[in-house]
Amino acid sequence: MFTLHQINAYEDNGFLVMDMCCGDDGEVIGDFTLENLRRESGEEMDKFYNSLCRNLPRRYVLPLTVDEQTPLDQNLVTLHNYKATAKKTKPGEVLLTHEELYDDELLQYGGLEFPQINYEQYNGRPYRYFYSCGFGHVFSDSLLKMDVHTKELKVWRYPGLYPSEPVFVASPKATEEDDGVVLSVIITPRHEKSTFLLVLDAKTFTELGRAEVPVNVPYGTHAEAASSWDGSSALSVSLANGSPGSPDTGSGPGAQPEWVDCIQASDMCNQNPYCSSRYRVMRQCLVGKEKEAMLDNNRECQAALEVLLVSPLYDCRCKRGMKKELQCLQNYWTIHMGLTEGGDMDDSSPYEPVAPNRHPDAFRLASISSGIITVAPKGFHCLDPEKNCNPCLDAAKACNLNGSCKRQRSAYIATCSKEDPTKGETCSKKRCHKALRLFLDRVHPEFSHRLLFCPCQSEGCAERRRQTIVPDCSYKDKEKPNCLELRRVCRQDSLCRSRLADYLVNCWVTPHTVSTCPNQDNHQACLASYARLIGTEMTPNYVDSSFSNWTISPWCTCKGSGNQEEECMNFMRYFTDNTCLRNAIQVFGYGIDNMQNKNVSVPAPSATTKTGPEWSTGTSDPPFVAIPKYPEPSDGGLGKTRGLPEDHSACLCANVWALVPGLALALVLAQHAL
């Protein structure tokens, strides 16, 4: 017996069942010389074909428990559903006889080779169907489906067409072994005919369709389907649902599947040779200064990207603050940088989606009133005039009472205040940024957000808030770069690019929308995304110590933008005219996010509205109606940041009944607006 290809093998109650394509001898290997393959079609080629051995499907059953006690010359195959035999003829030797897995009908198609099964579900397990090429010619000229239980044969065959090895692709959520399609590349020597991908219904073996390509594809032996890596093929899903990339596909552009993290997705891709090879190509395409030209003009890069679009890497996401966050983000941008490089489109966030706010209505009422009311701001007043009321100072004291916050805050202040003698600069911005990121990643937002977003009603308080990130090192530079150049630099770094994209996704809504923040006014998501930008090239901060009409911006300018000035200004507005960010800071500072759990005091509302040709956004403090009553820790042993001014304004604490007039006004305004 001679065999090249195995159909399947599995264990069954102490026996190893092996199904193979077998010939009587191996002389066929020596017959396939170039001289024989180049024979003229007709009698010479037929003579060569008739001399070849026919390979046919056979089943052997091997007993796995043969030992010295096993009797001689008895059939050891005790399973009734197999006709193959195994006999021990002498110590150390077992003679096998096979079972034929075909009827005589197969002989008219010349035997078979290149078998394939439903590998995903039945490799190494009992199975029923296999698919193969029939050889009524030197080259395969038919496709066959064999039922190994009944030996029933189904055939696809057309004169002059030569198929490649068939590949089975399961349907989504398939429940039967042959529920899917069979794919094969069909070639022909006829000049007027085109090469095409054949798609057969695996169950009925009838033709579903052809995808023609206007090029000559060389004859090949083996084949592989690029799957969607989750057990079902993107192609089979498209055929089943009638539209490529439909929401049920689970992958590809436009799909909305459940996500996996990009480290896991990368591992899944690397386990598949077809995906891993394209993944390596894509990484090479994104290296160096010429990556934009490579992605636009290099066919190998484009082909790799097309394959990866149906891999798990397309739909993967990263968890914020995960252990290998940078590696995860780099895996994500391997594909998505190729999709957006060189274009004006905004990036999608590589992070896991944010849940919508469960109580958006109160914030929307405040947003409605913020566009209508214009009231002059009033200062805070303290109930006890002997005590200073500076929320930013209180936030620093609260941080010092927490071990982790105090340690991490001291670390970044020391790093950002330390001179960098190697560069002759006052500090190392790179080390400062890293220390800030560590602080914001490791310290609970209860403390870090109070430092960043504390509400102020005096310049002293606002200046302390502005100095929180040590801006002389982390924010400012010798020269202000153009904002578009800063964005370009940011987008070359996986971490900065990811956090900028996440900020835009969670903090920006187009003007004239009902919500002021994405995800049903999820202000906390906006603040978290903003805070995670700190410590990157796009680090934002308060531009001055104004407390009534503060502005936030990265350290950049739009001067000298030329014909890109409009694009530059639009980018700047993501920070300077961002209603969601402004409202989120107000909501945090006035305690509305946690008003059910805190004692509150009430400032007077204030708002102004700025109107432009395309932009209509509130740019002053909107009239949210509650602020937190900050804890008052004892002064003993608590230090304050050196060089930061104190605020000596006063705060009058009112009871919760003061909320009623503000809420009633908001309801009236909402009714009027509707």
Side-chain angles (χ1 to χ4, degrees), residues 1-10 12 15-32 36-37 45-62 75 77 79 81-87 94-119 122-124 126-157 161-168 177-178 182 184 200 202 205 219-223:
M1 181 270 287
F2 168 79
T3 182
L4 273 175
H5 298 105
Q6 294 74 49
I7 303 170
N8 200 4
Y10 55 90
D12 187 355
F15 295 88
L16 178 63
V17 181
M18 294 172 41
D19 295 348
M20 301 177 287
C21 297
C22 301
D24 293 332
D25 58 59
E27 291 183 4
V28 66
I29 294 296
D31 291 335
F32 275 88
N36 284 333
L37 294 176
M45 185 62 78
D46 291 342
K47 183 178 178 180
F48 168 56
Y49 170 71
N50 292 329
S51 69
L52 297 175
C53 167
R54 303 290 184 268
N55 282 5
L56 299 166
R58 295 178 182 177
R59 170 169 289 170
Y60 292 88
V61 180
L62 285 67
N75 183 13
V77 181
L79 302 177
N81 52 329
Y82 300 117
K83 296 180 181 179
T85 65
K87 293 181 181 181
V94 175
L95 177 65
L96 305 178
T97 59
H98 64 267
E99 173 188 351
E100 305 287 6
L101 291 181
Y102 64 93
D103 285 333
D104 290 343
E105 182 186 4
L106 175 61
L107 299 178
Q108 64 179 295
Y109 298 104
L112 55 82
E113 263 294 354
F114 307 128
Q116 286 262 4
I117 62 171
N118 182 344
Y119 278 103
Y122 292 90
N123 186 30
Y127 73 110
R128 182 168 181 175
Y129 304 106
F130 72 88
Y131 313 90
S132 64
C133 289
F135 280 80
H137 190 275
V138 173
F139 299 100
S140 58
D141 61 350
S142 63
L143 294 172
L144 309 175
K145 175 186 179 182
M146 180 68 75
D147 184 333
V148 298
H149 290 181
T150 66
K151 300 179 183 176
E152 178 188 1
L153 184 66
K154 287 185 169 65
V155 182
W156 180 93
R157 185 182 188 185
L161 299 182
Y162 301 92
S164 69
E165 177 182 39
V167 177
F168 174 84
E177 181 182 345
D178 59 350
V182 171
S184 177
L200 299 176
F205 226 55
Y219 179 80
T221 51
H222 295 294

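Note that the structure is a prediction, hence the values are computed from the model and not measured. Heads up: numbering here begins at 1 and tracks the sequence.
What you find for F135 and E113 is that their closest heavy atoms are CE1-CB, 3.5 Å. Closest approach of E165 and H222 over heavy atoms only: OE1-CA, 2.9 Å. The minimum heavy-atom distance linking G124 with N8 is given by the pair N-OD1, 3.1 Å. Summarising the geometry of L143 relative to S164, their closest heavy-atom pair is CD2-O, 3.8 Å, with the distance given to 0.1 Å. Nearest heavy atoms, Y102 versus L56: OH-CD1, 3.1 Å.
Side-chain atoms of E177 and N118 include no donor-acceptor pair closer than 3.5 Å.
Between the side chain of D141 and the backbone N or O of G136, at least one donor-acceptor pair lies under 3.5 Å. S142 places no side-chain N or O within donor-acceptor distance of the main-chain N or O of W156, the cut-off being under 3.5 Å. Between the D24 side chain and the F2 main chain, no donor and acceptor come within less than 3.5 Å of each other.
Distance CD/Q108 to CG/L153: 8.0 Å, rounded to 0.5 Å. Interatomic distance, L95 CG to N75 CG, rounded to the nearest 0.5 Å: 10.5 Å.
The one candidate from Y10, Y127, Y60 that meets the side chain to side chain donor-acceptor pair (under 3.5 Å) condition with D19 is Y127. The only option from D147, L144, L112 that meets the side-chain contact (heavy atoms from CB on, under 4.5 Å) definition with F130 turns out to be L112. With F168 as the partner, the ring pair (Phe, Tyr, Trp, His ring centres under 6.0 Å) test is satisfied by one option alone out of F205, Y129, Y131: Y131.
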* To do: Carefully, step by step, assess T150 and R128 under the rule side chain to side chain contact (heavy atoms under 4.5 Å, CB included).
  => CA-CA 9 Å; T150 66; R128 182 168 181 175; 3.7 Å; yes
* Mind running side chain to side chain contact (heavy atoms under 4.5 Å, CB included) on M1 and M20 for me, showing each step along the way? => CA-CA 10 Å; M1 181 270 287; M20 301 177 287; 3.9 Å; yes
* To do: For R54 and L107, run side chain to side chain contact (heavy atoms under 4.5 Å, CB included): C-alpha distance rounded to whole Å, both residues' side-chain angles, the deciding distance at 0.1 Å, then the answer.
  => CA-CA 9 Å; R54 303 290 184 268; L107 299 178; 6.0 Å; no
* Asked: Stepwise, does the side chain to side chain contact (heavy atoms under 4.5 Å, CB included) test hold for V182 with K145?
  -> CA-CA 10 Å; V182 171; K145 175 186 179 182; over 6 Å; no
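Counting non-hydrogen atoms of other residues, nucleotides and ligands closer than 6.0 Å to CG of N81 gives a total above 12.
Contact annotation: the side chain of H98 never approaches that of L96 to less than 4.5 Å [non-hydrogen atoms, C-beta and beyond]. Side-chain contact between P57 and L106: present, with at least one pair of heavy atoms (C-beta onward) separated by less than 4.5 Å. Within the 4.5 Å cutoff, no side-chain heavy atoms of M146 are placed close to those of L101. Between C133 and P166 there is a side-chain heavy-atom pair separated by less than 4.5 Å.
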